[in-house]
Amino acid sequence: MSLYIILMGVQGAGKGVQAAFIRDHYGIPHVSTGDLFRAMKTRTDPLAQQIQEIMRQGLLISDDITNKVVRDRLEQADAQGGVILDGYPRNAAQAQWLEAFLAGRGQAVTRVLLLELDLYDAFRRAFGRVVAANGDSFNIYSHSEGIDWRFVDDPQGLFPPRLEATVIATGEKLVRRPDDANAHAIIKRIDTYRQTTQPLIDYYRAKGLVSVIDASQSIEAVSQAIQTAIDAARV
Ligand code: AMP
């Protein structure tokens with residue numbers, strides 16, 4: 001049996017890091033539908049242009065198009081031993097399509113890994129994150145050793161306070177990712193996640209496929225828990 005792992009978790013739960021762990025440990029590719037759609041940016045065919053317009057509006061791509069893109073990806077040679085799905089399925093209709101598609105190949109979803117993180121922690125992970133030019137990441141709330149940081153009020157009071165952070169040893173200024181700097185946008189993302197994923201979690205729970213992983217632990221502990229869950233599911 002191939003390994004079909006569905007990775008779910010709120011932004012900040014560490015999906016990217018753990019997807020890389022699963023990819024390296026089990027030798028299956030990480031398939032993120034968001035990445036697949038973003039990669040179409042350079043294409044000029046009508047389907048790619050339609051997708052770009054929908055993403056620009058911040059809407060979801062239709063199930064038909066999404067399922068087709070997933071099918072094409074799952075049929076590629078490197079996906080024959082299975083995949084890690086990230087950002088897909090997003091609703092019950094996609095989950096049902098995936099189930100039917102895999103069944104047609106004599107396969108099934110191996111495990112749904114739910115990286116569970118308190119939503120306030122998820123907020124702090126995004127809002128407090130500052131990154132260095134070399135990709136090193138710090139957090140003013142949980143990982144601030146070696147950095148200096150403060151909020152600076154906007155002189156006219158028109159904009160929210162700005163976060164200034166520097167590496168003490170080198171003086172390098174750290175920056176926030178643009179989508180982490182807006183508290184309202186972060187809350188909206190977390191809320192959307194909660195609303196859209198709960199029905200899916202219920203769907204997979206009813207099938208006994210969900211492993212809940214405590215994402216507040218260290219990266220290594222989360223990876224270990226993931227490995228335990230996958231190994232138990234594949235025997
Ligand atoms: P993400 O990086 O997962 O947040 O996805 C970025 C964008 O890609 C979303 O806002 C949607 O427009 C689209 N997208 C990604 N995955 C799906 C999906 N499973 N169903 C529909 N649209 C999706």
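First listed ligand is number 1; within each ligand, the first listed atom is number 1. Keep in mind the model is a prediction, meaning the values are calculated, not measured.
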Could you tell me whether a side-chain N or O of T33 sits under 3.5 Å from a main-chain N or O of G87, the two making a donor and an acceptor? yes
I'd like to know if the side chain of Y88 pairs up with that of N67 as donor and acceptor (distance under 3.5 Å, no hydrogens or angles considered). yes
Checklist entry - Any luck finding a side-chain donor-acceptor pair between Q57 and E53 under 3.5 Å? => result yes
By chain and number, the residues contacting ligand 1 below 4.0 angstrom (heavy atoms only) are T33, G34, F37, R38, M55, L59, L60, I61, T66, G87, Y88, R90, Q94
Between R73 and D78, is there a salt bridge with N-O shorter than 4.0 Å?
yes
When the ring planes of F127 and F151 are compared, do they come out parallel, tilted or perpendicular, using 30° and 60° as the limits?
parallel
Does R105 have more than 12 heavy atoms from other residues, nucleotides or ligands lying within 6.0 Å of its CZ?
yes
